[in-house]
Amino acid sequence: MPHSHTITSFVGLQKHRVVRWKRHHKSWIELWLAYDGATYRCSGCGQGFRRYYDRLWMRLRDLDISRHRVYVWVPRYRVRCPQCGVRRVDSGVARRRARCTRRFERWLFRLTNGMTVKEVSNLTGVDWEAVKGAESRYILGLLRKRDLTGITDLGIDEVSEKKGHRYLTLVTDTVKRRVVWVGRGRDRAVLRTFFRWFGKQRTRRIRCVVIDMHDPYELEIRERCPRAALIYDHFHVIKPLSMAIDDIRRRLQRELPPAGRLYLKGSRYLLLRNRENLTAKQRIRLQDLLRLPANETLNAAYILKEDLRVAFRRQDPKRARAELRDWKRRVRESKIPELLKYVEMLDRRRFGILNFFKHRKTNGLSEGFNNVVKTIKKDAYGFHDWEYFRLKILRKCGRLEEASSQRD
Ligand SMILES: [Zn+2]
């Protein structure tokens, strides 16, 4: 058997000494620790005492040693403090009421970065509630430490929690590319909750907010930070145009005689995809399709769609504005009803679009966040715990762990 001093040195729990140990069935070890400090400090006021009032032995899970699971018996002391009465002494080894040591909790937290709660639970033999609890507490700690001063640019995204229904609102700091807040739903009240949490002082510093064209968001932002530039995310501006093209395709398909409908079969994908994302073969197919006399309208609409995308890529705001004006004129001349409706929408939302040309800010992160949320949802395997879900999103998209280095 190794000397107790040796074990103490590699078990290394602060201010504690290993006084006894036992190995069970080659698979787990129990260690008894004694407090090595000179004083017992009242957790209420911090005053030190020479003697303790009473103690209780706690059995806590600690980090494994080789292939052995380790349980430590740690005394939990109380002191009789003249000021506070009978108070517990904070040992530093574990949190109050925890069933494992602090460093074991930190270990669990690190494992949950790449594994699901269930996987960590299987690996460590700790029940999943405890794993989840450890992770949640750590995330909360990181959230308290994060720096939210100096945020000037916000992005507000809606993400669907389930396909097509149940939405989340993510507020991002677009400069530091991190999610700072997650709310449930996508109505005005959700955003109001955000601004209340964010505080008036920080809100006053907001210079611009990128949103999709979702009215409840817009109304609330105009009220809370009226001086900030409201910018429409250009992806969301173009998207309804793609939908309009699809509407045209469907209308034509209805109008064509049955024989002609064949031409449009399988064309949806080709039309909706951005041109640069098509393969050479697909481009040729699309070209052949659009060249057909029956598809003249569709061809005109498609060219208009690609031209608008070019206009949105212009770096010079003046040129972009001129191209947009010209584009609208061409649409009016084309008299394609679906596109006219789209132009109406653009006119109604002129300011957010012109602001985009001026500031060129987008919610480019939004797609990535969408995928992360879906993955988290999948990993959460059935327990509907909104708070945990929220924390997990902030952990994965909030860049919490970059600033604080994690050590055991
Ligand atoms: Zn005290």
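The basis for the numbers below is simple: all heavy atoms, side chains too, and nothing from hydrogens, waters or symmetry mates. Order of listing sets the numbers, starting from 1, for every ligand and every atom in it.
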- Task: Identify whether the distance between the nearest side-chain nitrogen and carboxylate oxygen of R202 and D173 falls below 4.0 Å.
- Result: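 No, no charged N to carboxylate O under 4.0 Å.
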
- Query: Tell me, which pairs form a side chain to side chain donor-acceptor pair (under 3.5 Å) where one or both residues lie in residues 34-46, sequence neighbours left out?
  - Reply: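 For residues 34-46: R17-D36.
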
- Query: Which residue pairs pass the salt bridge (charged side-chain N to carboxylate O under 4.0 Å, His left out) test when at least one of the two sits in residues 147-156, sequence neighbours left out?
  - Reply: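 Found D153-R207, D153-K361.
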
- Item | All pairs passing salt bridge (charged side-chain N to carboxylate O under 4.0 Å, His left out) where residues 237-247 contributes a residue, at least two apart |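 As it turns out, the salt bridge (charged side-chain N to carboxylate O under 4.0 Å, His left out) pairs with a partner in residues 237-247, which skip direct neighbours, are D246-R249, D246-R250, D246-R268, D247-R250.
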
- Taking atom types as modelled, is there a side-chain donor on Y217 or T169 under 3.5 Å from an acceptor on the other? yes

- Message: Among I353, L354, L346, which residue satisfies the side-chain contact (heavy atoms from CB on, under 4.5 Å) criterion with R350?
- Response: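 The passing option is L354.
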
- Message: Restricting to distances shorter than 2.8 Å, give the number of protein N, O or S atoms close to the Zn ion (ligand 1).
- Response: 4

